[in-house]
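Each remark here refers to the structure printed beneath this line.
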Amino acid sequence: MKFDYDVIVVGAGHAGCEAATAAAKLGASVLLITADLNRIAHMSCNPAVGGIAKGQIVREIDALGGKMGIIADLTAIQFRMLNRSKGPAVWSPRVQSDREKFSNLWHHILETTPNLDLFQDMATSFIFEETGSKYKIKGVNTALGFSFKAKKVILTAGTFLNGLMHFGERQIPGGRISETNSTDLSQQLEEIGFEVLRMKTGTPARVDARSIDFSLTQRQDGDDAVEVVGENLEGIAGPHMKLIKRDFHKFSFLPEIKRVLNPRSCFIVHTNPEGHKILHENLDKSPLYNGQINSIGPRYCPSIETKIVTFADKESHQLFLEPEGEQTNEIYINGFSSSFPWEIQLESLQTIPALKNLHFYRPGYAIEYDYFNPLQLTHDLQTKLVEGLYFAGQVNGTTGYEEAAAQGLMAGINAARSITEKEPVILGRDQAYIGVLIDDLVTKGVDEPYRMFTSRAEYRILLRQDDADMRLTPLGFDIGLATKERFEALESKRRQRDELIEWCNTYLIKATPEFNSFLESHGTTPISASVKLSELLKRPQLDFNILSEIPEIKARLKEIETARRDEIVEAAEILIKYGGYILREREVAEKMNRLEYVKLPVAIEYKEIKALSTEARQKLEKIRPATIGQASRIPGVSPADINILLVLLNR
């Protein structure tokens, strides 16, 4: 048995899996330690991947050569492109996933990845070597008495660090339901100087679909064209779908990856005043309101008790009934996260007509856990206190599978590159949502569970989901994570896209009575002279789908590679329609990026620079930014403070 590795990853959640596979793919010998090999990449909350801004992150993970997008596609039971009524800068893909298949596929990938070993045990302590005022990682000890050596260690323990679950007044130690927690690691890190804080998250009840009256719900289908073919087929409750046509959108940019599972619907119901009254009358039994829980929960995914208090004027809240798999009766009640005793949860839910006879598989609960202030990290996700120790995922104060996976991917990449003394990969804020995420964490810190939104990105028109491959696959290929086949597929797509755009810039459409009648029928004004196709495409009423009614245009589109025609046409259309906005935002980003190349000396004594404001001195001394650009984003550091730093650097 092997006991000496380049990289050890502690925890096999979404961050740990991406970290382990990325590091192994880059040539490092990797050991992944997890408490339960049967719950790898377990979707402990919502069985879904993607969403607003999160979907962009998953496409970026895929573009770099990560695995989440591929697994999400192969295990999807519903796909939706959110925000289609808005501009492409905020279009966000989302899938409902088969929870069991998602975990099983990750397990298979881990087992078949070269350079990667798995080990089932609980990590109990890190092995350090003191080097003056700093420490250096040397390995990990486990509960069964194993000691593994490593040059780098990545901690991705999620909610397991001193995890405490709340079911009303009943408190059960654990990382998630039926799984033990880790009590030693955060204590050890706190003893050597890490700032350890507490956060809270929660999850709703899982229920039996056979106890739901679906005739009293509103059905919500995905983007695939389907028709209802029956009810309660093969013992699975709810309407069953027949696939008519699958929408071309997906997460992975690899042409050979397809969504293959049968689609399932989600369903919508609403809470009501009667149910709210039950919750209000029992607030003293909620750990969130009786003092039992003091830590901060996610603002953007509030519990039902928080909703009825914060939005007391609302008589109802929307709930989504989401299937947990292709062939299961287990339903996730999205929107009813709660720490109430199970009796209160059940009584309130049963006031909803469709849920009158509801049966729990398991109730909802809240969980408190330790996390580490991410200001203690550098941009490569390495800790400032311990050389070779990296943090990724919820241990950094984030929430969400996608944010965790992105951090894991980057920690795995940088740990592996550090072994061979290569420069870390640091993504810019104009380069990826992943860059925004990590920069926010290590520059601004967190005071509540962090989740990504499109509004957090100042260059979101540059960070669209449709061109994540154009932005990041060349980098992934250059560092050795993205395959040659992926890179060649990208170059083929780029060539076909650009050739189509060039054709649109030269193809003239004449102002004939027939064509003007066609334009008027689609709600746009006639033309008085010949017009380039690209100019017509800039009109909001027109797109390639409409204009392909013209035989010449239809024939040109058919010249594009069949398997990716829709994807390539959409990419070209977005660049034509929004090219001016994209160019302007790129110019702004390049101007601001100049500050990212102005390095700050490592040994600078900010507390001695009296011209800086007191707050700026304190923040700069604590965070110690690497560049002027990073310093400019620290809350409390003003433009005047930045100017002083530039003067000191003779800039």
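Positions are given from 1, in the same order as the sequence printed here.
When only modelled atom types and interatomic distance are considered, Asp469 and Thr473 share no side-chain donor-acceptor pair under 3.5 Å. Counted by atom type alone, Thr383 and Gln376 present zero donor-acceptor pairs between their side chains at under 3.5 Å. Side chains of Glu368 and His166: a donor on one and an acceptor on the other come within 3.5 Å. Side-chain contact, Gln78 with Ser265: no donor N or O sits under 3.5 Å from an acceptor N or O. No side-chain N or O of Asn162 forms a donor-acceptor pair with one of Asn181 less than 3.5 Å apart. Between the side chains of Ser92 and Asn83, no donor-acceptor pair of N or O atoms lies under 3.5 Å. Asn272 and Ser316 form no side-chain donor-acceptor contact under 3.5 Å, judged by distance and modelled atom types alone. No donor-acceptor contact under 3.5 angstrom links the side chains of Asp98 and Thr75, judged on distance only. Using modelled atom types, one finds no donor on one side chain facing an acceptor on the other under 3.5 Å when comparing Gln394 with Thr159. For the residue pair Gln382 and Asp380, a side-chain donor N or O sits within less than 3.5 Å of a side-chain acceptor on the partner.
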Applying side chain to side chain contact (heavy atoms under 4.5 Å, CB included) to Val446 and Asn396, what does each step give before you reach the verdict? CA-CA 9 Å; Val446 297; Asn396 289 336; over 6 Å; no
Let's go through Tyr450 and Asp440 carefully: what are the C-alpha distance in whole Å and the side-chain angles of both, what is the deciding distance for side-chain hydrogen bond (donor to acceptor under 3.5 Å, both in side chains) to 0.1 Å, and is it a yes or a no? CA-CA 9 Å; Tyr450 180 104; Asp440 279 353; 2.7 Å; yes
Let me see the working for Gln96 and Phe79 under side chain to side chain contact (heavy atoms under 4.5 Å, CB included), right down to the final yes or no. CA-CA 7 Å; Gln96 196 69 23; Phe79 182 95; over 6 Å; no
I'd like to know whether Leu463 forms a side chain to side chain contact (heavy atoms under 4.5 Å, CB included) with Gln56, so could you lay out the CA-CA distance, the side-chain angles of the two residues, the decisive distance to 0.1 Å, and finally the verdict. CA-CA 8 Å; Leu463 307 183; Gln56 282 89 326; over 6 Å; no
Using the side-chain hydrogen bond (donor to acceptor under 3.5 Å, both in side chains) rule, take Glu570 and His249 through it: C-alpha gap first, then chi angles, then the decisive distance, then the call. CA-CA 10 Å; Glu570 182 181 81; His249 290 105; 2.9 Å; yes
Run Asp370 and Arg198 through side chain to side chain contact (heavy atoms under 4.5 Å, CB included) and show every step you take. CA-CA 5 Å; Asp370 289 349; Arg198 296 284 278 177; 2.8 Å; yes
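Asn282 contributes atom CG, which lies 10.0 Å from atom NZ of Lys277 (distance to the nearest 0.5 angstrom). Here the straight-line distance linking atom OG of Ser303 with atom CZ of Phe336 works out to 9.5 Å at 0.5 Å rounding. Rounding to the nearest 0.5 Å places CG of Asp62 at 3.5 Å from OG of Ser252. For the atom pair Leu441 CG and His379 NE2, the distance stands at 9.5 Å (nearest 0.5 Å). Distance check, rounded to the nearest 0.5 Å: CD1 of Ile40 to CD1 of Ile109 gives 11.0 Å. Taking CG from Leu355 and NE2 from His359, the interatomic distance works out to 14.0 Å, rounded to the nearest 0.5 Å.
Under the 3.5 Å distance criterion, the side-chain polar atoms of Arg259 are left unmatched by any main-chain donor or acceptor of Ala76. With Thr398 contributing its side chain and Glu403 its backbone, the two residues share no donor-acceptor pair below 3.5 Å. A donor-acceptor pair is defined here as one N or O able to donate and one able to accept, closer than 3.5 Å; no such pair exists between the side chain of Glu60 and the backbone of Ile57. Judged by distance alone, with hydrogens and angles left aside, the side-chain atoms of Tyr369 form no donor-acceptor pair with the main-chain N or O of Gly174 at under 3.5 Å. The closest donor-acceptor contact from the side chain of Asn414 to the backbone of Val425 lies under 3.5 Å. In this structure, the side chain of Lys619 engages the main chain of Pro635 through a donor-acceptor pair within 3.5 Å. Proximity of a side-chain donor or acceptor of Arg80 to a complementary backbone N or O of Arg94 within less than 3.5 Å is not detected. A donor-acceptor pair under 3.5 Å is formed between the side chain of Lys384 and the backbone N or O of Leu375. Of the possible donor and acceptor atoms, none in the side chain of Glu18 sits under 3.5 Å from a partner among the backbone N and O of Ala405. Side chain of Asp224 to backbone of Asp247: a donor-acceptor contact under 3.5 angstrom is found.
For Ile70 against Ile257, the heavy-atom pair with the smallest separation is CG2-CD1, 3.8 Å. Nearest heavy-atom pair across Val436 and Ala457 is CG2-CB, 4.1 Å. Thr328 and Glu330 get closest at one heavy-atom pair: OG1-N, 3.1 Å. Looking at every heavy atom in both residues, Arg219 comes nearest to Met241 through NE-CE, 4.0 Å. Scanning both residues, Leu409 and Gly66, for their nearest heavy atoms gives CD1-CA, 4.1 Å. Taking every heavy atom of both residues into account, Pro173 and Leu164 meet most closely at N-CD1, 3.8 Å.
Using cut-offs of 30° and 60° for the angle between ring planes, the Tyr581 and Tyr578 rings count as tilted. Using cut-offs of 30° and 60° on the angle between ring planes, the pair His14 and Phe102 is tilted.
Tested against Ser339 for a side-chain hydrogen bond (donor to acceptor under 3.5 Å, both in side chains), the candidates Gln345, Glu305, Lys200 yield a single pass: Glu305. Remark: of the listed residues Ile304, Thr306, Leu349, Ile304 is the sole one forming a side-chain contact (heavy atoms from CB on, under 4.5 Å) with Ser338.
Around CZ of Arg299, the count of heavy atoms belonging to other residues, nucleotides or ligands within 6.0 Å does not exceed 12. Heavy-atom neighbours of Lys67 NZ from other residues, nucleotides or ligands within 6.0 Å: at or below the threshold of 12. Residue-environment remark: CZ (Arg170) stays at or below the threshold of 12 foreign heavy atoms within 6.0 Å. Within 6.0 Å of CD on Glu343 lie more than 12 heavy atoms contributed by other residues, nucleotides or ligands. Counting heavy atoms of neighbouring residues, nucleotides and ligands inside a 6.0 Å radius, atom NZ of Lys285 does not exceed 12 of them. Met592 CE: 12 or fewer foreign heavy atoms inside a 6.0 Å radius.
Between Arg633 and Glu458, no side-chain nitrogen of the basic residue sits less than 4.0 Å from a carboxylate oxygen of the acidic one, so the salt-bridge criterion is not met. A salt bridge is absent between Arg264 and Glu326: the closest approach of a Lys/Arg side-chain nitrogen to an acidic carboxylate oxygen does not fall below 4.0 angstrom.
Looking at residues two or more places apart in sequence or on another chain, you find a salt bridge (charged side-chain N to carboxylate O under 4.0 Å, His left out) between Arg176 and Glu179.
Under the 6.0 Å distance and 45° angle rule, Arg451 counts as a cation-pi partner of Phe453. Cation-pi check for Arg84 over Trp91 is met; the charged atom lies under 6.0 angstrom from the ring centroid and within 45 degrees of its normal.
In this structure, the ring of Phe267 has its center less than 6.0 angstrom from the ring center of Phe214. Taking the six-membered ring wherever Trp is involved, the centroid distance between the rings of Phe391 and Tyr371 does not fall below 6.0 Å.
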